[in-house]
Amino acid sequence: MLSKLVLIIDKRKELPAKYKKLVESNGVSAILTPNFEEGLEILTSYEPDMILVSDSLETTLADNVKKLRMLSYPSRPCIIAVSKSDDLKDKLAVLDAGADDFLSEPIESEEFKARINAHLRRHFESMLDDTTRLPDTKFSLKTLKRTIIENKKWAGMLVKINEFEPYKEIYGELASDKMLQTYTAIISSALDDKDFFGELSQGEFLILTNPLKAEHIASFLVYAFEAIVEKFYSEEDAKCGYITLYGDDNAGKRVNLVSTSIGIISSEYQPYISVNAALNALYATCKLAQYSTSGTASSYLVERTMLSADNAVFNKEYNNKILVIEPDEALNYLLKTTAQMQGYEVASAQDYSLAQNLIKTFNPALIVLDAGEADTLKGLELCKKLKKDKKFKDKKIILSTIIHDKKMVLNAGADLYLPKPYELLGIFNWIEQMIKEYNY
C-alpha cells in the first residue's frame, strides 16, 4: 500500500536514483520523474506526502516551488528543494516561495535520510487522530486513492462500531475513548506492516490489505469484539442486553449494545476507478452486514462476484407499512387516518387475537402496539412472542401503555416505550425515524 509516498522531480540520472534508494530504505515509496509537467500530473493523481524538486529543471527552482505549493494546497505536502547552490539569497528565495527545507548538494547520505525522515515524521504526526493515534480521514482517503490508482490486487474493509453515539451519550467521553482505543489495539494486532489502518470517522475505520487475508481478519475481529463487548457496560446493562436513552427527544428508546459490522470489497471481484465508488461499495456492504443481524450482533460480509443480466438492478423494496393495534376505537382511528395522511400504508386492529395473522399478511415495517389492560397485558405478551419469532423479530415495535414501567416494556423487546397519554406529534416523529431505521 502506498501509505507513505515521496515524489522526486529531477532530470538528472545518478543523483535522483540515489535519493530514491535512500528514501525507500526507510519503508517509504518513491516515484521519480525527470519532467516537471509529468510531476504535476503525479501530484494531482497520487497526492504525495513529500516532493523533492531539484534545480536541474529548465525553470528556476523558486518558480517551481511556488507552482508546486500553489497546486498542492489541498493536500499540503512537504516540499524539499535540492540545489547545487549554497548562496543565502537562493535559499531565502526558495524558502519564501513555499519550500519547507533547502538541501545544498553535495549532501551526506545519512544527513539526507535524517532530514527527510524528520519532515515525514512531522507530516504524519499532524494527521493522527488524538484519541486513536490512527491516520485521520483525509490521509485514509488519500491512501485509498493511491491504492486504486496503483491497480494491484487489494481488499478494502470498512469496520464500524454500531450504536457508538448512543453509548457515548450515556457513558461519556472517557468510556467511549477507551472503547475506541481498545478496539483499535485489537485491530492493529491482526495486521502487519504491509496493511494500512486508518480512521474514516469516529467509530468507523478503513483497512487496506491483501484479498487473501481480509476475510480471516474480519472473522477474528468479530470474534474478539463479541468477547469483550460486555466489559464496556455496567453489570445491569450487560445483563439486560440494551441501554435506554434519556432526554425529551429520546426517553424510552431501547438501544442495542454496541456491535461491530465489517464490509469487505476487493479489486478481484470488481474494478474500482474512484474513491467514491469504493466508499459507496464499502458502506453498502457494511450496512448489509449490519442488516443481516439487525444490529444485535457483530458480523461481516464480503462482496462477491454477482452474475446477472445486463443492466440488472437489485433494489430492496422500501417498506412504509404501519400496523396499529389499539383497542381504543377513537385513538385507533386517529392514528390510522393521521398516518395515511402522511403517506404511510396503514392497517389497524382492535382485537389482539387477530393481530398476529394480520402481521403475516400485511407485513408491516412498524407496529404501534398497545400493551393492554394491567391485569392481562395482552399486547406486551404479543410483543414478546413477536421478538422471539425469527420471521418477525426485525419488525419495529412502539409499545404504548398506561403502566409506567419502562424496564418491563423494554425487556419485552419493544424498540420504544411510549407511556400514555402521548402527543400525536411525538409519536409520528418516532414513526418516521423507525421506518427509516427498518429500511436502513
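The structure displayed is predicted, hence computed values, not measured ones. Side chains included, hydrogens not; waters and symmetry mates left out as well; all remaining heavy atoms used. Count residues from 1 along the sequence.
Contact of the Leu424 side chain with the Leu335 side chain is registered, since non-hydrogen atoms from C-beta on lie closer than 4.5 Å. Taking 4.5 Å as the limit, some side-chain heavy atom of Ile186 sits within range of a side-chain heavy atom of Phe220. Put simply, the side chain of Trp154 reaches to within 4.5 Å of the side chain of Ile148, judged on heavy atoms. Between Asn411 and Cys240 the shortest side-chain heavy-atom distance falls below 4.5 Å. Counting heavy atoms from C-beta outward, Trp430 and Lys396 have side chains that stay 4.5 Å or more apart. For the pair Thr260/Leu221, no side-chain contact is recorded, criterion being any heavy-atom separation below 4.5 Å from C-beta on. Looking at Phe196 and Leu144, their side chains never come closer than 4.5 Å, going by heavy atoms from C-beta outward. A heavy-atom distance below 4.5 Å is found between the side chains of Tyr300 and Ser219.
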Name every donor-acceptor pair, under 3.5 Å, that has one atom in a side chain of residues 36-47 and the other anywhere in the protein, sequence neighbours excluded.
unit_1 : atom_1 : unit_2 : atom_2 : d
Glu38  : OE1    : Thr33  : OG1    : 3.4
Thr44  : OG1    : Leu40  : O      : 3.1
Ser45  : OG     : Glu41  : O      : 3.1
Glu47  : OE2    : Lys145 : NZ     : 3.0

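Looking at every heavy atom in both residues, Ala355 comes nearest to Ile325 through CB-CD1, 3.4 Å. Of all the heavy atoms in Asn319 and Pro364, the pair that sits closest is ND2-C, 3.9 Å. Considering all non-hydrogen atoms of both residues, Tyr272 and Ser266 come closest at CE1-O, 3.9 Å. Looking at every heavy atom in both residues, Ala81 comes nearest to Ala99 through CB-CB, 4.5 Å. Contact between Thr59 and Asn64 at its shortest, heavy atoms only, is OG1-OD1, 2.6 Å. Contact record, Ala414 with Leu399: CB-CB, 3.7 Å, taken as the closest heavy-atom pair.
Rounding to the nearest 0.5 Å gives a distance of 11.5 Å between CG of Asp63 and CG of Leu57. Taking CG from Leu386 and NZ from Lys393, the interatomic distance works out to 13.0 Å, rounded to the nearest 0.5 Å. Distance check, rounded to the nearest 0.5 Å: CG of Leu5 to CD1 of Ile31 gives 4.5 Å. Put simply, OH on Tyr183 and CD1 on Ile228 are 8.5 Å apart, with the number rounded to the nearest 0.5 Å. The CG atom of Leu68 lies 5.0 Å from the CD1 atom of Ile51; values are rounded to the nearest 0.5 Å. Taking NZ of Lys113 as the reference point, atom CG of Leu120 lies at 13.0 Å (rounded to 0.5 Å).
Counting only N and O atoms by type, the side chains of Ser85 and Ser83 include no donor and acceptor under 3.5 Å apart. For the residue pair Tyr242/Glu163, the side-chain donor-acceptor check at 3.5 Å is not satisfied. Side-chain N/O atoms of His119 and Asp101 include a donor and acceptor closer than 3.5 Å. Remark: the Asn162 side chain and the Asn256 side chain contain no N/O donor-acceptor pair separated by less than 3.5 Å. Using modelled atom types and a 3.5 Å distance limit, the side chains of Asp237 and Tyr171 yield a donor-acceptor pair.
A donor-acceptor pair under 3.5 Å links the side-chain atoms of Asp195 to the main chain of Asp192, judged by distance alone. At distances below 3.5 Å, at least one donor-acceptor pair connects side-chain atoms of Asp100 with backbone N or O atoms of Ile79. Panel note: side chain Tyr233, backbone Val258; a donor-acceptor pair is recorded below 3.5 Å. Side chain of Asn26 to backbone of Val28: no donor-acceptor contact under 3.5 angstrom is found. With hydrogens and angles disregarded, a donor-acceptor distance shorter than 3.5 Å links the side chain of Ser299 to the backbone of Ala289. Although no hydrogens or angles enter the test, the distance criterion places no donor-acceptor pair under 3.5 Å between the side chain of Ser72 and the main chain of Ser75. Using modelled atom types, one side-chain atom of Ser140 and one backbone atom of Glu199 make a donor-acceptor pair closer than 3.5 Å. A donor-acceptor pair under 3.5 Å links the side-chain atoms of Thr361 to the main chain of Leu358, judged by distance alone. Checking side-chain atoms of Asp90 against main-chain N and O of Asp86 turns up no donor-acceptor pair under 3.5 Å. In terms of modelled atom types and a separation under 3.5 Å, the side chain of Ser298 and the main chain of Glu226 share no donor-acceptor contact.
Between Arg115 and Glu111, at least one side-chain nitrogen of the basic residue sits less than 4.0 Å from a carboxylate oxygen of the acidic one, meeting the salt-bridge criterion. Taking the charged nitrogens against the carboxylate oxygens, Lys18 and Glu14 have no contact shorter than 4.0 Å, which rules out a salt bridge. Ionic pairing of Asp415 and Lys387 is present here: one or more N-O contacts between side-chain nitrogen and carboxylate oxygen are shorter than 4.0 angstrom. Classification of Asp10 and Arg12 as a salt-bridged pair holds, one side-chain N sitting under 4.0 Å from a carboxylate O. Between Lys253 and Glu437 there is a salt bridge, with a side-chain nitrogen of the basic residue lying less than 4.0 Å from a carboxylate oxygen of the acidic one.
For the pairing with Asp49, the side-chain hydrogen bond (donor to acceptor under 3.5 Å, both in side chains) check across Arg76, Lys142, Lys4 returns one residue only, Lys142. In summary, of the residues considered (Thr143, Ile149, Asn151), a side chain to side chain contact (heavy atoms under 4.5 Å, CB included) with Thr147 occurs for Thr143 alone.
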Thr184 and Thr131: CA distance, side-chain angles, deciding distance, side chain to side chain contact (heavy atoms under 4.5 Å, CB included) verdict:
CA-CA 10 Å; Thr184 53; Thr131 302; over 6 Å; no
So Tyr318 and Asn320, side chain to side chain contact (heavy atoms under 4.5 Å, CB included) or not? Walk me through it.
CA-CA 6 Å; Tyr318 192 88; Asn320 74 334; 4.1 Å; yes
Please evaluate residues Phe392 and Ile367 with respect to the criterion side chain to side chain contact (heavy atoms under 4.5 Å, CB included), reporting the C-alpha separation (whole Å), side-chain torsions for both, the decisive distance (0.1 Å), and the verdict.
CA-CA 11 Å; Phe392 307 125; Ile367 304 168; over 6 Å; no
Evaluate the side chain to side chain contact (heavy atoms under 4.5 Å, CB included) criterion for residues Phe428 and Ile431: first the C-alpha distance (whole Å), next the side-chain angles of each, then the deciding distance (0.1 Å), finally the verdict.
CA-CA 5 Å; Phe428 275 96; Ile431 286 171; 3.8 Å; yes
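Note: Phe225 and Phe232 have tilted aromatic rings, judged against thresholds of 30 and 60 degrees for the angle between ring planes.
Around NZ of Lys436, the count of heavy atoms belonging to other residues, nucleotides or ligands within 6.0 Å does not exceed 12. Taking a 6.0 Å sphere around CD of Glu108, one finds it holds 12 or fewer heavy atoms contributed by other residues, nucleotides or ligands. A 6.0 Å sphere centred on NZ of Lys91 holds more than 12 heavy atoms belonging to other residues, nucleotides or ligands.
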